[in-house]
2 protein chains.
Amino acid sequence: MASTFAVLADRSRREILDLLRERERPVGDLVEKLTLTQPTVSKHLKVLREAGLVEVRTDAQRRWYRLSPGPLAEVDAWLAPYRRMWEKSLDALERRLDEIEGD
Amino acid sequence: MASTFAVLADRSRREILDLLRERERPVGDLVEKLTLTQPTVSKHLKVLREAGLVEVRTDAQRRWYRLSPGPLAEVDAWLAPYRRMWEKSLDALERRLDEIEGD
DNA sequence: CGCTTATATGCCGATCGAGCTATATTGCCG
DNA sequence: CGGCAATATAGCTCGATCGGCATATAAGCG
């Protein structure tokens, strides 16, 4: 998981993931949506591939990319022990709102 | 949330968060645990502060740092729409295991 | 006030990463 | 085979960032 955060730190890559969440797409499709050149998009896709966040399927000259959410599950797992902390904060917030409401 | 991933991309900062998850700590305490110099740790704390991931409390010369999990909740929210995807993958994995078991 | 403790800030060197342009690769089609 | 379409790779530049050392700031103590 070490580097998954670094991969996700880039806005363009997060946008790519968001697009792939809808459906599998060829590179040209992504280039069209993002305001980046084709080589730049290809480079991001390489990073995402090596991080295991996407997978490719070849269809003639086209490469169809799709999401591979495994590493995201690891991020989710890293987050898990923190989850109870903000849940606690939210609980406190709720209690305060209840108090105000009670006035 | 934009930069929260960038902040989390650094291993040292994640270690600091992990330490603060246990309890509030002064800077010197963190320096002791990490293999970093005091100025470097202070710099990471500044980044974490500006990202809203930690808060400080002053006690004489000591500064006690504690976790402030708000931005992590935002990361969790970003992750949410992806969650069903790996849950689906896990389901598929389970079904396959069931098949093998069924042999 | 001078000394010590605790932390922050300034500055530097080295490295990394994002984006670009140009070019290579791969596969289709006539 | 020649040419077009789709994607990947190479090489470059610029700006950001990590880490360290030296130094500044702040607070307590005698």
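Proteins come first, then strands; the chains are lettered A, B, ... in the order of their sequence lines, and each starts at number 1. Just so it is clear, the structure is predicted and the values come from calculations on it, not from any experiment.
Regarding contacts with the backbone of C/dG17, every side-chain N or O of A/H44 stays at 4.0 angstrom or more from both OP1 and OP2. Regarding contacts with the backbone of C/dC20, a side-chain N or O of A/T40 is found under 4.0 angstrom from either OP1 or OP2. At D/dG19, one or more side-chain N or O atoms of B/S12 fall inside 4.0 Å of OP1 or OP2 (strictly under the cut-off). The side chain of B/Y65 contributes an N or O atom lying less than 4.0 Å from OP1 or OP2 of C/dA8. In this model, the phosphate group of C/dA18 is approached by a side-chain N or O of A/R13 to a distance below 4.0 Å at OP1 or OP2.
You won't find any donor-acceptor pair under 3.5 Å spanning the side chain of B/K46 and the base of C/dG10, going by distance alone. No hydrogens or angles were tested; on distance alone, nothing pairs the side chain of B/Q38 with the base of C/dA6 as donor and acceptor under 3.5 Å.
The listed nucleotides are D/dT7, D/dG11, D/dG19; the one nearest the side chain of A/K43 is D/dG11. When the nucleotides C/dT9, D/dA8, D/dA5 are ranked by their closest atom to the side chain of B/S42, C/dT9 comes out on top. Side-chain proximity of A/A60 to the nucleotides C/dG27, C/dT9, D/dT7 is greatest for C/dG27. Listed nucleotides D/dA6, C/dC11, D/dA8 differ in distance to A/R63; the shortest reach to its side chain belongs to D/dA8. Distances from the side chain of B/Q61 to the nucleotides D/dT9, D/dC18, D/dA27 place D/dA27 closest. Of the candidate nucleotides C/dA6, C/dC20, C/dA18, C/dC20 has the atom nearest to the side chain of A/T37. Distance from the side chain of B/P26 is smallest for C/dT7 among the nucleotides D/dT7, C/dT5, C/dT7.
Distance CD (A/E50) to P (D/dA8): 12 Å, rounded to an integer number of Å. Straight-line distance from the CZ atom of A/R62 to the C1' atom of D/dA6: 7 Å, rounded to whole Å. Atom CZ in A/R11 sits roughly 17 Å away from atom C1' in C/dG17 (whole-Å rounding). What separates CH2 of A/W64 from P of D/dA5 is a distance of 18 Å, to the nearest Å. The separation between B/D59 atom CG and D/dA27 atom P is 12 Å, rounded to whole Å. The interatomic distance linking B/L45 (CG) with C/dT9 (P) rounds to 11 Å, in whole Å. Distance B/L48 CG to D/dT17 C1': 14 Å, rounded to the nearest Å. As a whole-Å value, the separation of A/R14 CZ from C/dG17 P is 16 Å.
Closest-nucleotide positions on DNA chain C for A/V7 and B/V56 were compared, and the one nearer the 5' end corresponds to B/V56. Nucleotides of DNA chain C nearest to B/D29 and A/T35 differ in position, and the one nearer the 5' end is that of B/D29.
The shortest heavy-atom contact between B/F5 and A/A9 is CB-CA, 3.7 Å. Of all the heavy atoms in A/K33 and A/L19, the pair that sits closest is CB-CD1, 3.8 Å.
In this structure, A/P39 reaches the bases: a heavy-atom distance under 4.0 Å links it to at least one base atom across the strands shown.
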Working for side-chain contact (heavy atoms from CB on, under 4.5 Å), residues B/H44 and B/T40: CA-CA 6 Å; B/H44 281 308; B/T40 300; 4.0 Å; yes
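The pair B/R83-B/D76 counts as a salt bridge, with a side-chain nitrogen and a carboxylate oxygen less than 4.0 angstrom apart. The pair B/E55-B/R49 fails the salt-bridge criterion, with no side-chain N (NZ, NE, NH1 or NH2) lying under 4.0 Å from an Asp/Glu carboxylate O.
One hydrophobic cluster holds both A/L67 and B/W78 under the rule that ILVMFWY side chains link at heavy-atom gaps under 4.5 Å.
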